[in-house]
Amino acid sequence: MCGRFHLLATAEQVAALYGVAVTQLMPRYNIAPTQPIAAVRHSRTGGRELTYFHWGLIPSWSKDTKFASRMINARSETAHEKPSFRAAYKRRRCLIPVTGFYEWQKVASGKQPMCITAADAQNGSLLSFAGLWEHWQSADGSEIESATILTGAPNELMTPIHNRMPIFIEPDDFDLWLDASAPLPAVQSLLRCYPAEKLRAYPVSTHVNTPRNDDPTCIAPLIP
DNA sequence: CCAGACGTTGTT
DNA sequence: GTCTGG
DNA sequence: CCAGACGTTGTT
DNA sequence: GTCTGG
């Protein structure tokens, strides 16, 4: 699963990796479900754009937004067939830039939050979650664009921590992932387990548990 | 035909 | 919207 | 994901 | 325990 992450790259770094215009990017140490998340998608004019989406996908046919908080993740194994996700899976894929994410590992004393980043992480080392987005319009005409993060089986690093992890897309595969007309078997081939050697994990304090804590303490290594 | 569901995770 | 259950 | 609420009435 | 909010 993936229920919390951080984005600590500069606007320039995001702009360079995805080839999008980024005007401003506030550092976010603790991004939680229901909050706006930045994601890259194909724009109507043919290029790419960075837009903000409500984290928690709202299917276009929903009567209200109550379902959204349970739609923060979609199983990569079944998203192509689930009523809530299949339309978005076919035509509305996106990339969610992150510099790391959090998982809570069950231990004897309770739950230990772990921070996972790129193995070679410098400040601003970006990874890309595979995401889906959807457009929703309420009866009174208000509109919401929302998104979800695809999950899959854990790699060797993540297995002791949790039984699920997010799907990552590598830069060479960005075009294919974002292409609404790409053949689905090719798209499906991208839903693979990200290599353990490209990630590292370390414990952090329970400071990160509270969503309103959005500061450097969230990512600070826990000193035992 | 209409009504009702449509999800993931973890835990049991 | 689309599928399943009644 | 975790944190925090979980209720009604009448009055201001 | 279970739901809502962030």
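A, B, ... follow the sequence lines: proteins, then strands. Residue 1 opens every chain.
- Cation-pi geometry between A:Arg41 and A:Trp133 is met: under 6.0 angstrom from the ring centre, within 45 degrees of the axis.
- Put simply, CZ on A:Phe67 is 11 Å from P on E:dT4, counting in whole angstrom units.
- Exactly one of A:Ile72, A:Asn73, A:Leu132, A:Leu57 qualifies for a side-chain contact (heavy atoms from CB on, under 4.5 Å) with A:Ile149. That residue is A:Asn73.
- Evaluation of the ring pair (Phe, Tyr, Trp, His ring centres under 6.0 Å) test over residues 12-40 of chain A, restricted to residues two or more places apart or in two chains, returns A:Tyr18-A:Phe174.
- Between the P atoms of E:dT2 and D:dG7, the separation comes to 15 Å (whole Å).
- Across all their heavy atoms, A:Ala38 and A:Leu50 have their closest contact at CB-CD1, 4.1 Å.
- In terms of phosphate contacts, A:Ser62 brings no side-chain nitrogen or oxygen within less than 4.0 Å of OP1 or OP2 of C:dG1.
- Base pairing of C:dG5 is made with B:dC2, judged by Watson-Crick or G-U wobble geometry with both donor-acceptor distances under 3.5 Å.
- Residue A:Thr34 is in base contact, counting any heavy-atom pair closer than 4.0 Å across all strands shown.
- Among the protein residues, A:Lys66 comes within range of no part of the nucleic acid, since none of its heavy atoms lies under 4.0 Å from any strand.
- Comparing E:dC3 with B:dT9, their C1' atoms are spaced 15 Å from each other, to the whole Å.
- The side chain of A:Arg75 places no N or O atom within less than 4.0 Å of a non-bridging phosphate oxygen (OP1 or OP2) of B:dT8.
- Using a 4.0 Å heavy-atom cutoff across all strands shown, A:Leu57 reaches no nucleic acid atom at all.
- Distance from the side chain of A:Trp104 is smallest to D:dC1 among D:dC1, C:dG1, B:dT8.
- Residue A:Tyr102 is classed as having no contact, given no heavy-atom separation below 4.0 Å to the nucleic acid.
- Summarising the geometry, the separation between CD on A:Glu77 and C1' on B:dT9 is reported as 13 Å, rounded to the nearest angstrom.
- With rounding to whole Å, A:His6 atom NE2 is found 18 Å from E:dG6 atom C1'.
- With rounding to whole Å, A:Met71 atom CE is found 9 Å from B:dT8 atom C1'.
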Nucleotide N/O to protein N/O under 3.5 Å, stretch nucleotides 3-7 of chain D:
residue: D:dG4; atom: OP1; partner: A:Arg212; partner atom: NH1; Å: 3.4
residue: D:dG4; atom: OP1; partner: A:Arg212; partner atom: NH2; Å: 3.3

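- Closest approach of A:Met165 to A:Tyr194, counting heavy atoms only: CE-CB, 4.0 Å.
- A:Thr78 comes within contact range of the sugar-phosphate backbone alone, with a heavy-atom separation under 4.0 Å but no base atom that close.
- Within a 6.0 Å radius of CD in A:Gln188, other residues, nucleotides and ligands contribute 12 heavy atoms or fewer.
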